[in-house]
Amino acid sequence: MKIYKRLFAVTLLLLFAACSKENTVTTIPYITPEESDGVSLKSSAPFPWGAAVNVSLIKSNAAYRALVEKEMSSLTSENEMKMSRIRSSQTAWYFTDADYIVSFAQEHNIRVHGHTLIWHRSPAWLDTYQGDAAAWEAMFKEYIQTVVGRYKGKVTSWDVVNEAINEDGTLRTSIWQQKLGNDYIARAFQYAHEADPGALLFYNDYGNEYSTVKREAILALVNSLKSRGIPINGIGLQMHTRYNQSDVNLANAINSAAQTGLKVHIAELDIAVNPDNNQSLTFTSSLAQQQADKYKFIVKTYNAIPKAQQFGITTWNLTDGDTWITGEYKRPDWPLPFDSNYKRKAAYQGILDGLK
Ligand code: 9MR
């Protein structure tokens with residue numbers, strides 16, 4: 001009798017374990033990057049597929065590096081090409097990490113997209129920089145041309161200006177805007193173009209999918225630069241989005257960018273599944289599937305814009321273990337196509353489905 005009771009209890013336990021497993025992503029089939037099944041994002045996409053990468057992970061983590069080599073045909077440095085890294089003080093120029101990323105990419109035949117030349121999140125020394133209008137202009141020009149010039153012919157494209165528009169559609173008050181005037185944006189493009197006439201130059205921002213006001217302001221800005229003959233080649237849609245963003249909004253963001261006639265880069269894609277900051281959320285198979293559907297929709301919509309305008313899609317880092325979101329918002333989240341064990345998630349299949 002006792003043995004039957006035990007057996008019954010064990011069966012119940014096993015059943016319970018199976019049911020709760022059913023509800024987690026562990027049941028979703030994945031293929032490890034080491035398995036060479038011939039499938040990769042770069043070979044599946046008819047346009048460059050990229051990720052933002054982190055230099056210390058590239059250097060120290062073989063699984064991370066292998067994943068980049070296997071899956072990516074484009075990369076963006078997540079932080080190493082920002083002014084806060086390259087010129088952290090007026091006299092300190094630091095290129096070691098950016099150079100490393102560029103050499104790594106060249107070795108593996110991966111395109112490099114430069115991020116970012118001019119941004120409101122600038123190094124602190126600029127706040128106390130003493131100089132008249134001419135000195136500011138010279139320093140601004142020198143910075144852009146030193147960086148673009150160093151990577152001439154090696155970095156294909158640049159986010160020349162990043163996030164210059166406010167949520168309400170007005171021009172953001174940044175140190176650059178205050179010291180150089182509203183037209184600093186146009187001059188940044190001109191200086192970058194002088195330093196590398198072959199580089200493709202982008203305006204990059206977020207919010208096109210969730211705010212009509214901001215989207216219209218961004219489009220007005222790039223259209224005006226274009227009509228003035230300022231050398232702008234593309235628009236970057238960061239697209240830090242969420243699993244429950246509406247398809248209509250996502251399609252509007254992508255299609256309205258394409259209507260400018262410029263190249264369109266989905267430049268920082270990630271799809272949060274915990275936008276409400278629920279500290280105890282778990283990543284269920286249902287959430288994984290909804291996220292996969294959203295990846296599919298975005299990729300499918302992008303794949304339908306004119307080929308000549310498809311600059312590529314870049315996710316903001318590669319795996320759920322490396323995303324900026326968990327650190328920034330102090331919450332669990334799983335926004336990327338690979339899990340923290342470098343394994344493909346349902347989102348990966350969603351991307352492939354979107355490319356069909
Ligand atoms: O992901 C980046 C994070 O590691 C940095 O701390 C942060 C500040 O430099 O920038 C993050 O990347 C941002 C990108 O450069 C511009 N768009 C928004 C990204 C997420 O904040």
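When reading the values below, keep in mind they use all heavy atoms of this one structure, side chains included, and skip hydrogens, waters and symmetry mates. Just so you know, residue 1 is the first one in the sequence shown, and it goes up from there. For ligands, and for the atoms within them, numbers begin at 1 and follow the listed sequence.
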(message) Is the terminal nitrogen or CZ of Arg87 (NZ for Lys, CZ for Arg) located under 6.0 angstrom from the six-membered ring centre of Tyr143 and within 45° of that ring's axis?
(response) no
(request) Using a 4.0 Å heavy-atom threshold (strictly under), name the region of Asn79 that reaches ligand 1: side chain, backbone, both or neither. (result) side chain
(message) One residue to check: Tyr206. Relative to ligand 1, which of side chain, backbone, both or neither has a non-hydrogen atom less than 4.0 Å away?
(response) neither
(message) For the residue pair Asp99 / Tyr151, report whether a side-chain donor-acceptor contact shorter than 3.5 Å exists.
(response) yes
(request) Measure from the ring center of Phe283 to the ring center of Trp334 and say whether it is less than 6.0 Å. (result) yes
(request) For Asn162, take its heavy atoms, then give the atoms of ligand 1 lying under 4.0 Å from any of them. (result) 16 (C)
(message) For the residue pair Asn274 / Asp333, report whether a side-chain donor-acceptor contact shorter than 3.5 Å exists.
(response) no
(message) Taking 4.0 angstrom as the limit and counting only heavy atoms of Trp119, give me the atoms of ligand 1 inside it, by number and element.
(response) 8 (C), 9 (O), 10 (O), 15 (O), 16 (C)
(message) Below 4.0 Å from ligand 1: does a non-hydrogen atom of Trp316 turn up there or not?
(response) yes
(message) I'd like to know whether the aromatic ring centres of Trp158 and Phe189 sit less than 6.0 Å apart in this structure.
(response) no
(message) Students should be able to answer this: which protein heavy-atom is nearest to atom 1 (O) of ligand 1, and at what distance?
(response) Glu78 OE2, 2.4 Å
(request) Show which atoms of ligand 1 fall inside a sub-4.0 Å distance from at least one heavy-atom site of Glu163. (result) 16 (C), 17 (N), 18 (C)
(message) Only heavy atoms of Gln238, strictly under 4.0 Å: list the atoms of ligand 1 that pass.
(response) 16 (C), 17 (N), 18 (C)
(message) Strictly below 4.0 Å, N to O, side chains only: are Asp97 and Lys59 in salt-bridge contact?
(response) yes
(request) Return yes if a side-chain donor-acceptor contact under 3.5 Å exists between Thr170 and Asn166, otherwise no. (result) yes
(request) Report the member of His115, Lys82, Arg85, His240 with the shortest heavy-atom distance to atom 10 (O) of ligand 1. (result) Lys82
(message) Going by the closest heavy atom to atom 18 (C) of ligand 1, which one wins out of Glu328, Glu268, Arg121?
(response) Glu268
